[in-house]
2 protein chains.
Amino acid sequence: MNSRNLSGDTATRILKTASRLFYEQGYHVTGINQVITEAGVAKASFYYHFSSKEELCLAYLHQRHQDWFCWLQQEVEQHEDDQERLLSLFTFLERWLPDSNFRGCAFLNIASEFPSPDSKIRLLVVNHKNALQSFIQQLVKKLNPLTDENHIGLLSDVIYLLFEGAINESQIYRSTRFIQVTREAVRQLIT
Amino acid sequence: MNSRNLSGDTATRILKTASRLFYEQGYHVTGINQVITEAGVAKASFYYHFSSKEELCLAYLHQRHQDWFCWLQQEVEQHEDDQERLLSLFTFLERWLPDSNFRGCAFLNIASEFPSPDSKIRLLVVNHKNALQSFIQQLVKKLNPLTDENHIGLLSDVIYLLFEGAINESQIYRSTRFIQVTREAVRQLIT
DNA sequence: GTCTATATGTCGATAGAC
DNA sequence: GTCTATCGACATATAGAC
């Protein structure tokens with residue numbers, strides 16, 4: 001449309017390339033040189049749009065958070081029954097993890113590379129996981145609207161822990177076996 | 001005693017220093033230069049004892065596997081009652097994770113930094129997690145010796161997933177809250 | 001806004017003296 | 001077995017032309 005789009009295209013191309021490389025390879029092992037080479041831009045163009053490599057990583061996580069929740073919600077909202085909606089959490093994992101070559105959770109992977117609890121990056125990780133817990137708790141609440149808060153809380157926490165565990169084990173074993181185990185366990189918990 | 005001990009001391013000092021740094025900081029962010037500086041040895045001395053940085057990492061994981069299971073078994077074997085032995089898994093987590101500054105599982109952290117499924121490092125990770133699953137399954141079997149194999153298997157898998165999930169969340173939130181949740185959930189599962 | 005060229009430092013790994 | 005000195009490659013980041 002206008003000149004703003006040209007800048008937008010460059011920044012977007014950089015971000016998309018970096019997102020792919022950070023996710024597939026990891027943060028520290030991915031150099032700026034590889035990002036700019038594969039994005040097809042000059043080094044100074046990168047530093048025109050992003051102030052540093054870490055700032056690029058923050059942009060990656062910000063975008064990833066939105067994308068990932070969009071994928072998850074699309075899967076859940078295909079179902080009407082509240083029980084099916086909760087179980088579709090694991091249908092989602094069965095689609096997403098093989099598609100991502102079993103690379104696991106982008107936020108947990110990044111957190112492993114940023115041990116300092118005070119970094120901005122760790123803040124985005126915590127925010128992402130908080131949102132996931134809220135999302136699961138909403139699904140559980142709708143399923144059992146009359147149950148007391150304590151039981152809802154514990155049940156939601158357990159489902160969240162199983163969900164996280166299933167992501168992890170699928171990354172280690174490159175298999176969906178534990179996702180199926182988790183779905184079956186949750187099915188027994190909610191019936 | 002003799003000249004062999006001097007060599008052993010140097011290699012041990014390098015391995016101990018590297019183990020601390022790999023665990024606290026991560027693999028790729030830890031340079032050989034930092035390892036040799038903090039170990040107080042020359043660079044060529046390092047390459048005399050270890051053929052490469054990755055070989056040093058393999059030695060780290062090998063030692064870590066033995067140490068960690070030693071800690072875990074010490075905690076479990078303090079109890080006689082089979083139910084208490086199973087629940088002491090989480091007492092162990094409550095001790096270990098705060099002591100390790102909530103850095104989480106050394107093997108999962110390293111796995112995040114080595115995405116390639118064919119690396120020797122990923123093999124050690126899988127072996128470590130296999131051993132943990134076997135350990136948990138033994139505890140579950142002793143607790144319910146008459147139950148059918150399928151139920152034992154599913155229950156063990158769920159406890160393993162919760163155990164892994166608890167380690168992960170304590171790393172993200174720097175808290176033992178989810179460990180307590182997990183212990184309570186497992187207590188309800190086995191009674 | 002994008003480019004080439006460069007600055008400055010650190011990486012993993014090795015050569016050769018002792 | 002341990003040391004100092006050094007290798008070539010690559011890291012993040014910047015200067016200045018266009």
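Heavy atoms only: backbone and side chains are in, while hydrogens, waters and symmetry mates are out. For clarity, every value in this text was computed on a predicted model and none was experimentally measured. To find a chain, count down the sequence lines: A is the first, B the second, and so on, and within it residues start at 1.
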Item to check | Between D/dA13 (C1') and A/Glu55 (CD): distance, integer Å | outcome: 15 Å

Checklist outcome for this item: Against the side chain of A/Ile32, the closest entry in C/dG12, D/dC3, D/dT12 is D/dT12

Checklist entry - Considering only C/dT2, D/dA13, C/dG12, which nucleotide approaches the side chain of A/Ser52 most closely? => result D/dA13

Checklist entry - Between C/dC3, D/dG1, C/dT2, which nucleotide gets closest to the side-chain atoms of A/Val41? => result C/dC3

Checklist outcome for this item: A/Lys53 NZ to D/dA11 P, in whole Å, measures 8 Å

Checklist entry - Given A/Glu77, which of A/Gln73, A/His79, A/Gln74 fulfils the side-chain contact (heavy atoms from CB on, under 4.5 Å) condition? => result A/Gln73

Next on the checklist: Under a 3.5 Å threshold, yes or no: a donor from one side chain and an acceptor from the other, between A/Glu38 and A/Thr17?
Outcome noted: no

Checklist entry - With respect to the phosphate group of D/dG1, does any side-chain polar atom (N or O) of B/Ser45 fall under 4.0 Å of OP1 or OP2? => result no

Checklist outcome for this item: Comparing nearest nucleotides in DNA chain D, the 5'-proximal residue of the pair B/Ala44, A/Tyr27 is B/Ala44

Checklist entry - Quick one: A/Ile36 CD1 to C/dG1 C1', roughly how many Å, whole number? => result 15 Å

Item to check | Under 3.5 Å side-chain donor-acceptor pair for A/Gln137 and A/Gln133 | outcome: no

Checklist entry - Of the candidate nucleotides D/dA13, C/dT10, C/dC3, which contains the atom at the shortest distance from the side chain of B/Asn33? => result C/dT10

Checklist entry - Within this structure, what is the CG-to-P distance between B/Leu21 and C/dC11, rounded to whole angstrom? => result 12 Å

Item to check | Integer-rounded Å distance: C/dG12 P and B/Gln34 CD | outcome: 10 Å

Item to check | Interatomic distance, B/Phe46 CZ vs C/dT14 C1' [rounded to whole Å] | outcome: 13 Å

Checklist entry - C/dC11 C1' sits how many Å from B/Leu56 CG, rounded? => result 15 Å

Next on the checklist: Looking only at the side chain of A/Tyr47 (C-beta and beyond, no hydrogens), which of the listed nucleotides C/dT14, D/dT14, C/dT2 gets closest?
Outcome noted: D/dT14

Next on the checklist: Looking at A/His49, I'd like to know whether one of its side-chain N or O atoms comes within less than 4.0 Å of OP1 or OP2 on C/dT2.
Outcome noted: yes

Checklist entry - With a distance cut-off below 6.0 Å to the six-membered ring centre and an angular limit of 45° from the axis, does A/Lys53 pair with A/Phe22 as a cation-pi contact? => result no

Item to check | Among D/dT2, D/dA13, C/dG12, the nucleotide that comes nearest once only the side chain of B/Thr10 is considered | outcome: D/dT2

Next on the checklist: At 4.0 Å (heavy atoms only), tell me whether A/Ser51 reaches a base, stays on the sugar-phosphate, or touches nothing.
Outcome noted: nothing

Item to check | Of the listed nucleotides C/dA13, C/dT2, D/dC3, the one nearest the side chain of B/Lys43 | outcome: C/dA13

Next on the checklist: Rounded to whole Å, please give me the gap between OH in A/Tyr48 and C1' in C/dT4.
Outcome noted: 18 Å

Checklist entry - Will you find, in the side chains of B/Glu94 and B/Thr176, an N or O donor that is under 3.5 Å from an N or O acceptor? => result no

